[in-house]
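Quick notes on the structure that follows.
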Amino acid sequence: MSDLPGIRPQPGIMEIALYQGGAAHIAGRDSVVKLSSNENPYGPSDKAREAAVRATHQMHRYPVTDHLGLRTAIAEVHGIDPDRVICGAGSDEVLQFATQCFAGPGDEVIMTQHGFSMYPILTLAAGATPVVVAEQARRVDPDAVLAAVTPRTRIVFLTNPGNPTGTILEPGQLRHLAERLPPHVLLVHDGAYAEFADEGFRADLDLVEAFPNVLATRTFSKIYGLGGLRIGWGYASPDLIGVMNRVRQPFNLSTVQLAAAEAAMRDRAHVERCRSENAKWRDWLTAALRDLGLGCDDSRANFVLARFPDQATAHACDDALKDDGLIVRRVGGYGLPEALRITIGDEAACRRVAHVIGRFMAERNRA
């Protein structure tokens with residue numbers, strides 16, 4: 001800030017550590033397999049692609065401001081009230097709405113040890129204080145979260161299934177947490193990977209129906225394969241949605257985004273095909289990693305977390321994968337320096353990852 005001596009950022013801004021996305025390139029290689037950002041290897045549905053192309057003919061027009069077509073599609077598929085749905089530029093923007101509206105200087109926002117790295121960024125941007133709660137063996141402990149609640153607590157962020165852990169809180173555990181939270185605390189259930197957990201997973205939506213202080217968020221970036229378009233949504237009580245809509249910019253989603261997302265939401269055959277293939281190869285890769293002697297929890301997302309004996313081994317394996325043109329994610333920034341997060345790719349990618357890690361471990365053990 002030395003060049004702008006008279007201008008000062010708001011409290012908390014300069015404490016933010018910039019978000020680091022998954023790598024996409026390897027120096028000296030033109031062809032790589034990117035397994036670092038939990039993207040859908042099968043891409044979006046053909047219907048979503050076609051809808052996006054058709055929508056380009058209306059790019060000279062402002063988009064609708066109420067997102068009614070998309071909200072209706074979401075509501076019809078999930079059996080929820082469209083008037084209680086809010087849409088954003090990725091679920092990140094919906095999380096930002098919540099933080100901006102319900103937390104500020106002097107407030108505390110709870111997040112768990114291995115939670116999504118955007119939570120502290122959003123908290124600090126609002127001038128609030130992040131409170132990090134330890135997990136137990138890479139699993140959220142609802143009672144530890146409850147023990148951290150104080151009169152200053154305004155929001156609890158919960159990634160479920162977890163990222164980068166892949167572990168999950170079951171419906172009973174979620175209800176245990178929601179029932180015991182004070183009414184002044186907003187529980188934000190971040191379900192970016194919910195569609196990978198089980199066919200028809202809706203524990204988050206049921207929680208919203210039961211508790212007025214719960215916001216459920218989901219995204220089109222993962223199973224729907226629309227990460228490049230940035231579309232997400234949230235579901236909450238009418239009062240919460242009414243507050244957040246006051247800070248939502250009227251044209252936050254483009255005509256192309258809205259058209260593609262609506263078509264993607266309605267193409268249930270594509271969603272189920274992606275879910276089924278992901279589950280198949282997730283289970284296969286988990287078993288393969290365990291056979292190599294690595295730690296790997298049961299994942300309910302579209303990635304697995306491979307745990308090595310130590311950080312040095314994890315980084316050396318990452319280098320070996322890069323040498324073979326495979327990009328995965330180091331997760332030291334999530335408090336897991338001895339681990340690599342590996343997106344579930346297609347069959348060829350999963351087999352290739354297992355082969356390279358197996359070769360690396362064999363060489364490591366001989367050394």
Q | Within 45° cone and under 6.0 Å: R351 NZ/CZ vs W284 ring | A | yes
(Q) Just verifying a value: how many Å separate F308 CZ and R364 CZ, rounded to the nearest 0.5 Å? (A) 10.0 Å
Q: Nearest 0.5 Å please: distance from the CD atom of E170 over to the CZ atom of R175.
A: 15.5 Å
Q. Under 3.5 Å, is there a donor-acceptor pair between the N163 and H114 side chains?
A. no
Q | Close side-chain approach of P309 to E338, heavy-atom, < 4.5 Å | A | no
Q.
Is the shortest side-chain heavy-atom distance between V185 and I155 below 4.5 Å?
A. no
Q | Backbone N/O of S299 and side chain of D297: donor-acceptor pair under 3.5 Å | A | no
Q.
Keeping H270 on the side-chain end and A264 on the backbone end, is there a donor-acceptor pair under 3.5 Å?
A. no
Q | Side-chain donor-acceptor pair present, Y193, N38, cut-off under 3.5 Å | A | yes
Q) Using 30° and 60° as the class limits, which term best fits the ring planes of F157 and Y119: parallel, tilted or perpendicular? A) parallel
Q | Interatomic spacing from CG in L340 to CD1 in I357 - rounded to 0.5 Å | A | 7.0 Å
(Q) Quick check: do L124 and P130 have side-chain heavy atoms less than 4.5 Å from each other? (A) yes
Q. V243 and L122: same hydrophobic cluster, using ILVMFWY side-chain contacts below 4.5 Å?
A. yes
(Q) Apply side-chain hydrogen bond (donor to acceptor under 3.5 Å, both in side chains) to residues E108 and T150 and explain how you reach the verdict. (A) CA-CA 8 Å; E108 295 175 345; T150 74; 2.9 Å; yes
Q | Donor + acceptor pair across side chains of N245, R248 (<3.5 Å) | A | yes
(Q) Would you say D310 and T313 are linked by a side-chain donor-acceptor pair, where the criterion is simply a distance under 3.5 Å? (A) yes
Q) Taking it one step at a time, do V156 and V145 satisfy side-chain contact (heavy atoms from CB on, under 4.5 Å)? A) CA-CA 8 Å; V156 171; V145 172; 3.8 Å; yes
Q) Counting distance only, does the side-chain N/O of N213 pair as donor-acceptor with the main-chain N or O of L186 below 3.5 Å? A) no
(Q) Could you tell me if the side chain of F220 sits less than 4.5 Å from the side chain of L70, heavy atoms only? (A) yes
**Q.** A354 versus L285, closest heavy-atom pair with distance
**A.** CB-CD1, 4.2 Å
Q: Establish whether L177 and V188 are linked, either directly or via other cluster members, by ILVMFWY side-chain heavy-atom contacts under 4.5 Å.
A: no
(Q) I'd like to know if the side chain of Q257 reaches the main chain of L229, judged simply by a donor and an acceptor atom lying under 3.5 Å from each other, with no hydrogens or angles considered. (A) yes
Q: Verify the distance criterion only: is there a donor paired with an acceptor across the side chains of R330 and H315 at less than 3.5 Å?
A: yes
(Q) Applying a strict under-4.5 Å side-chain criterion to I, L, V, M, F, W and Y, I'd like to know whether I168 and L174 cluster together. (A) no
(Q) Applying a strict under-4.5 Å side-chain criterion to I, L, V, M, F, W and Y, I'd like to know whether Y235 and M244 cluster together. (A) no
Q. From T65 OG1 over to F251 CZ, what is the distance, rounded to the nearest 0.5 angstrom?
A. 6.0 Å
Q: Show the numbers, then the answer: is there a side-chain contact (heavy atoms from CB on, under 4.5 Å) between T129 and D107?
A: CA-CA 6 Å; T129 301; D107 296 333; over 6 Å; no
**Q.** M361 side chain near V356 side chain, heavy-atom distance below 4.5 Å
**A.** no
Q) Between the main-chain N or O of G90 and the side-chain N or O of R230, is there a donor-acceptor pair closer than 3.5 Å? A) no
Q: Indicate whether the side chain of H355 and that of R352 have a donor and an acceptor atom separated by less than 3.5 Å.
A: no
Q.
For the CG atom of L215 and the CG atom of L95, what is their distance to the nearest 0.5 Å?
A. 7.5 Å
Q. Are a donor atom and an acceptor atom from the side chains of T112 and E135 found within less than 3.5 Å of each other?
A. yes
Q: Please confirm whether Y334 and F116 have ring centers closer than 6.0 angstrom.
A: no
Q.
When you compare the side chain of L253 with that of H67, does any pair of heavy atoms fall below 4.5 Å?
A. yes
(Q) Checking side-chain polar atoms at under 3.5 Å, does D143 have a donor or acceptor matched by the opposite partner on H176? (A) yes
Q. Do you know the tightest heavy-atom contact between C274 and I223?
A. CB-CG1, 4.0 Å
**Q.** Backbone of A269 reached by a side-chain donor or acceptor of E272 within 3.5 Å
**A.** no
(Q) With salt bridge (charged side-chain N to carboxylate O under 4.0 Å, His left out) as the criterion, how do R71 and E262 come out once you've worked through the C-alpha distance, each side chain's angles and the decisive distance to 0.1 Å? (A) CA-CA 8 Å; R71 289 190 294 108; E262 181 176 346; over 6 Å; no
Q) Closest approach of A178 and L187, non-hydrogen atoms and distance? A) CB-CD2, 4.2 Å
Q) Do the charged groups of D298 and R290 touch, with an N to O distance under 4.0 Å? A) yes
Q) Under the 3.5 angstrom rule, does the side chain of R180 hit a backbone N or O of L146 as a donor-acceptor pair? A) no
Q | Side chain D324, main chain L326, donor-acceptor under 3.5 Å | A | no
Q) Just one of N160, T165, D198 clears the side chain to side chain donor-acceptor pair (under 3.5 Å) bar with R300, so which one? A) D198
(Q) If you count heavy atoms of other groups shown closer than 6.0 angstrom to CZ of R268, is the number above 12? (A) yes
(Q) Apply side-chain contact (heavy atoms from CB on, under 4.5 Å) to residues Q113 and R138 and explain how you reach the verdict. (A) CA-CA 8 Å; Q113 180 182 5; R138 299 162 304 282; over 6 Å; no
**Q.** Nearest-0.5 Å distance, CD of residue Q311 to CG of residue D318
**A.** 11.0 Å
Q) For the residue pair A301 and P161, what are the closest heavy atoms and their distance? A) CB-CB, 4.4 Å
Q) Should K222 and E39 count as an ion pair when the cut-off is N to O under 4.0 Å? A) no
Q: Just do the side-chain contact (heavy atoms from CB on, under 4.5 Å) check on E93 and Q249 with the steps written out, would you?
A: CA-CA 11 Å; E93 189 180 34; Q249 295 190 37; 5.7 Å; no
Q.
Quick check: is F360 connected to L289 through a chain of hydrophobic side chains (ILVMFWY, heavy atoms under 4.5 Å apart)?
A. yes
(Q) Could you check whether any side-chain heavy atom of Y42 comes within less than 4.5 Å of a side-chain heavy atom of R273, counting everything from C-beta outward? (A) no
Q: Take R218 and D204 through the test salt bridge (charged side-chain N to carboxylate O under 4.0 Å, His left out) and record every step on the way to the result.
A: CA-CA 10 Å; R218 294 203 184 184; D204 53 341; 2.8 Å; yes
**Q.** Geometric cation-pi criterion R154 and F102, 6.0 Å radius, 45° cone
**A.** no
Q.
Determine whether a donor-acceptor pair (N or O, by modelled atom type, separation under 3.5 Å) exists between the side chain of R329 and the backbone of I342.
A. no
Q.
If I compare all heavy atoms of N40 with all of G225, which pair ends up nearest, and what's the gap?
A. CB-CA, 4.1 Å
Q: Compare all side-chain heavy atoms of V149 with those of L181 and state whether any distance is below 4.5 angstrom.
A: yes
Q: State, to 0.1 Å, how close C350 and I344 come at their nearest heavy-atom pair, and which atoms those are.
A: SG-CG2, 4.0 Å
Q: May I ask you to decide if G106's main-chain N or O and R152's side chain share a donor-acceptor pair within less than 3.5 Å?
A: yes
